[in-house]
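These notes concern the structure reproduced below.
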Amino acid sequence: MRFELLFESPGALSYALAALAFLAFAAYLALGRRTGLRAALLLGAAGASALWAALNVALAATQAPVFWHAQALADAARAGAWLLFLAVLLKGGRWSAALFALPFVAWAAIYVPAGDPRLVLTLLLGVAVAGLVLVEQVFRRAPEQARWAIKPLCLGLGGGFAYDLYLYADALLFGGLDADLLAARGFAQALAVPFVALATARNKDWASDIAFSRGVVFHSTAFVASGVFLLIVAAAGYYVRYFGGSWGKTLQAGFLFAAALLLAWLFFSGTLRSRLRVFINKHFFAYRYDYREEWLRFTRLLSASAPGVSAGQRSIEALANLVESPGGALWLREANGEYALAARWNLPELPASQDAGAPLAAFLARTAWVLDLHEYRRHPTRYPGLEFPDWLDQVRAAWLVVPLFAQEELLGFVVLATPRAAIELNWEVRDLLKTAARQVGGFLAQIRASEALLEARKFDAFNKMAAFVVHDLKNLVAQLALLLKNAERHRHNPRFQEDMLATVRHVAERMNKLLSQLGSGGRAEENLVAIDLARLLHRVVEERRPERGAIEVEAAGALTTLAHEQRLERTLGHLVQNAIDATREGGVVRVQAFAEGEELVVEIADTGCGMSEAFVRERLFRPFQSTKADGMGIGAYETSQYLREIGGRIEAHSQPGKGTRIRVTLPPAEAARAVA
């Protein structure tokens, strides 16, 4: 063969470049001493491709029929080797032999006597479509971390099969192979070599595993449908031109344009794509999420423990991560049936509550739906009987309301903020949120049950301690009774008098210690009486006025409530004493009492150390929670319980380092009598 022929014939130059590229790649594989099935198949495919390109160079130089037949056989071997290599990457052992044999079937059809050339072109077109489907599945099934390594292979082989698809589709449409396209085929295949070589360098011995992707069926189905559509269009276009006579070319052009419009409509039809995706996912691969990874991350986040992060905040974050939401808030049912804000994550303070009988809570309890606020604002009729509270409409970031159930009862709900990226709230996302929300509901219910059990155990321990104290007091009382009995006979004896004083002193010390251990002890039964708050507060303050600092009292007028005098005095005295204890020297404690509407208000403010927002919200009025080193955490809990018992309530506002303001609201005597 003359060297000048390579520059005179574009086809010869094109295939010569392909032969050199594949030969160099095969040498690189052989010298690399790679072992294993994948390496052997890759070397065989590169060698077959180099042989095929070299035979085409010889065909372009000599035009001898023997080289035509040889290159056709080599082309079948080359295509079969690449298909087999892709099938092995996909671990498709059952149909690897069929894919390898497909190109040889196309090659054998050439020599069938009286064979139809259209059949041969259709088979060759099928080989290209099969190659593209395999390339697409290799990429779709690869895990995210492996796609970087597999992407060059998909680009290189996919480009080669795409060129063959175009070549044979054009030949099927126009009744013969285009000489120019056929000449450029070698150059197109040579361009794939650098991509395949790069993928080989990234995959040492091709040891990366290929995992099944959730969207593979949808994408593969769409891809195969596109290939079938092209085959149908090619065949129909050929027959339109063949039977169209003088109008054949015009009809063919119109037909191809109509087919292109139809394909574009199918491609851009959101409704059709959505229905196809939902149908395939629901009946074959119903989940677009990698549920193993999602559930592991979900449970890991719920069970994690971090300083300053409550279980409620972890629950919000776990639900929000499922839909890429940046924040949310949690409402939980309280003992009085009201749903109160329990936690928030990346959202501002929302001082709002929801009654159990309100439309939102009732709708969630009845339907267990995940509510889309955006959809509700556009189509409120889809949520019959639902009315969102005003405070929720004012939260611009609010997107979803997810109900939390425990034992088929509405435990609470989570409001999630608008996601960072657009999320289609389809059946799958809703089902995932419902399932995860039930897990969160059970998790929070278990935490509440554990806290209740812990409180019960603490109360049991407290009762045991009280029983021990009562027993000790009984012994002390018996000791004092015996002392009084002996005093009748020995009261004039100086020695007995000294022993009696020592005994009384010892008993007093013991009783003081017992009282300090007991804290809030048993109380005698009292009746409800009308109490002048101003007079009561002055008495409380006078009894507890400290040597350092100052207490300011502002209370006057007709401020009469109905309560148990001793218990109310002890309750307000406890709050005043707490304010005194929290205030350093030079600080101020201010006590005010006034009427506000139809209620009486007592405010106790100090400039002391203050408390954190989380402590006030989650721990202040719970039993056995205290900021004092020697505190039992009973006083604040008993105070809130007693105030609730007489129809009042207590609120606390505090900031670390700036002080605390306690607000006690009481009903006036007339209103309290009406309730009683």
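Since this is a predicted model, take the numbers as computed values, not measurements.
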Discussion item. A side-chain contact here means heavy atoms from C-beta on lying under 4.5 Å apart; do Leu73 and Leu55 qualify?
Written reply: no
Fill in: Closest non-hydrogen atom pair between Leu364 and Phe405, with its separation
O-CZ, 3.4 Å
Worksheet item: Are more than 12 heavy atoms from other residues, nucleotides or ligands located less than 6.0 Å from atom OH of Tyr166?
Response: no
Item to complete: With the side chain counted from C-beta on, respond yes when Ile447 and Phe443 share a heavy-atom pair under 4.5 Å apart, and no when they do not.
Response: yes
Worksheet item: Taking the side chain as C-beta and beyond, is there a heavy-atom pair between Leu425 and His374 under 4.5 Å?
Response: no
Discussion item. Using side-chain heavy atoms (C-beta onward) and a distance below 4.5 Å, is Val129 in contact with Phe161?
Written reply: no
Fill in: Lys434 atom NZ, neighbour heavy-atom count above 12 within 6.0 Å
yes
Worksheet entry | Neighbour count >12 (heavy atoms, 6.0 Å) for atom CD, Glu375 | yes
Worksheet item: Of the non-hydrogen atoms in Leu404 and Ala437, which two are nearest, and what is the gap between them?
Response: CD2-O, 3.6 Å
Item to complete: Starting at OG of Ser325, measure out to CH2 of Trp345 and round the result to the nearest 0.5 Å.
Response: 7.0 Å
Worksheet item: Restricting to pairs with a member in residues 298-307, which pass salt bridge (charged side-chain N to carboxylate O under 4.0 Å, His left out), not counting sequence neighbours?
Response: none
Discussion item. Could you go through Ser315 and Val414, starting from their C-alpha distance and side-chain angles, then the distance that decides it, and tell me whether this counts as side-chain contact (heavy atoms from CB on, under 4.5 Å)?
Written reply: CA-CA 9 Å; Ser315 301; Val414 174; over 6 Å; no
Worksheet item: Counting only heavy atoms not in Phe187, do more than 12 sit closer than 6.0 Å to its CZ atom?
Response: no
Worksheet item: Side chain of Gln439, backbone of Thr435: donor and acceptor closer than 3.5 Å?
Response: no
Worksheet entry | Euclidean distance, Leu41 CG relative to Leu84 CG, rounded to 0.5 Å | 5.0 Å
Worksheet, complete the sentence: CG of Leu155 to CZ of Phe195, rounded to nearest 0.5 Å, is 6.0 Å
Practice prompt. Measure across Leu347 and Ala417 and return the closest heavy-atom pair with its distance rounded to 0.1 Å.
Written response: CD2-CB, 4.5 Å
Item to complete: Please report the shortest heavy-atom distance between Ala19 and Ala54, naming the atom on each side.
Response: CB-N, 3.9 Å
Worksheet entry | Asp164 bridged to Arg78 by N-O distance under 4.0 Å | yes
Worksheet item: Quick one: CG on Leu319 to CG on Leu432, what's the gap to the nearest 0.5 Å?
Response: 9.0 Å
Practice prompt. May I ask you to decide if the ring planes of Trp82 and Phe22 are parallel, tilted or perpendicular, using 30° and 60° as cut-offs?
Written response: tilted
Worksheet item: Does the side chain of Asn56 come within less than 4.5 Å of Arg185's, by heavy atoms?
Response: no
Item to complete: Output the distance between atom CG (Asp170) and atom CG (Leu181), rounded to the nearest 0.5 Å.
Response: 5.5 Å
Discussion item. Keeping Gln71 on the side-chain end and Ala53 on the backbone end, is there a donor-acceptor pair under 3.5 Å?
Written reply: no
Discussion item. side-chain contact (heavy atoms from CB on, under 4.5 Å) for Leu416 and Val402? Distances and angles first, verdict last.
Written reply: CA-CA 8 Å; Leu416 296 179; Val402 184; 4.1 Å; yes
Practice prompt. Taking the side chain as every heavy atom from C-beta outward, state whether Glu136 and Leu132 have any pair of such atoms under 4.5 Å apart.
Written response: no
Worksheet entry | Verdict with reasoning, Asn346 to Ile316, per side-chain contact (heavy atoms from CB on, under 4.5 Å) | CA-CA 10 Å; Asn346 292 341; Ile316 298 170; over 6 Å; no
Worksheet item: Tell me, do Leu89 and Phe85 make a side-chain contact under 4.5 Å, heavy atoms counted?
Response: yes
Practice prompt. Quick one: do Leu134 and Phe139 satisfy side-chain contact (heavy atoms from CB on, under 4.5 Å)? Show the steps, please.
Written response: CA-CA 9 Å; Leu134 288 177; Phe139 184 76; over 6 Å; no
Worksheet item: Counting distance only, does the side-chain N/O of Glu317 pair as donor-acceptor with the main-chain N or O of Arg314 below 3.5 Å?
Response: no
Worksheet item: What pair of heavy atoms forms the shortest contact from Phe25 to Ala197, and how long is it?
Response: CE1-CA, 3.6 Å
Fill in: Distance (rounded to the nearest 0.5 Å) between Arg430 CZ and Asp372 CG
6.0 Å
Item to complete: Would you indicate whether the side-chain heavy atoms of Trp369 and Pro403 approach each other to under 4.5 Å?
Response: no
Fill in: Shortest non-hydrogen contact from Ala406 toward Ala445
CB-CB, 3.7 Å
Worksheet entry | Check: Trp52 ring centroid to Tyr15 ring centroid under 6.0 Å | yes
Worksheet item: Residues two or more places apart in sequence or in another chain: which of them pass ring-ring contact (aromatic ring centres under 6.0 Å, His included) with Phe413?
Response: Trp331
Worksheet item: Which residue pairs satisfy the ring-ring contact (aromatic ring centres under 6.0 Å, His included) criterion with at least one member in residues 298-323, sequence neighbours excluded?
Response: Trp295-Phe298
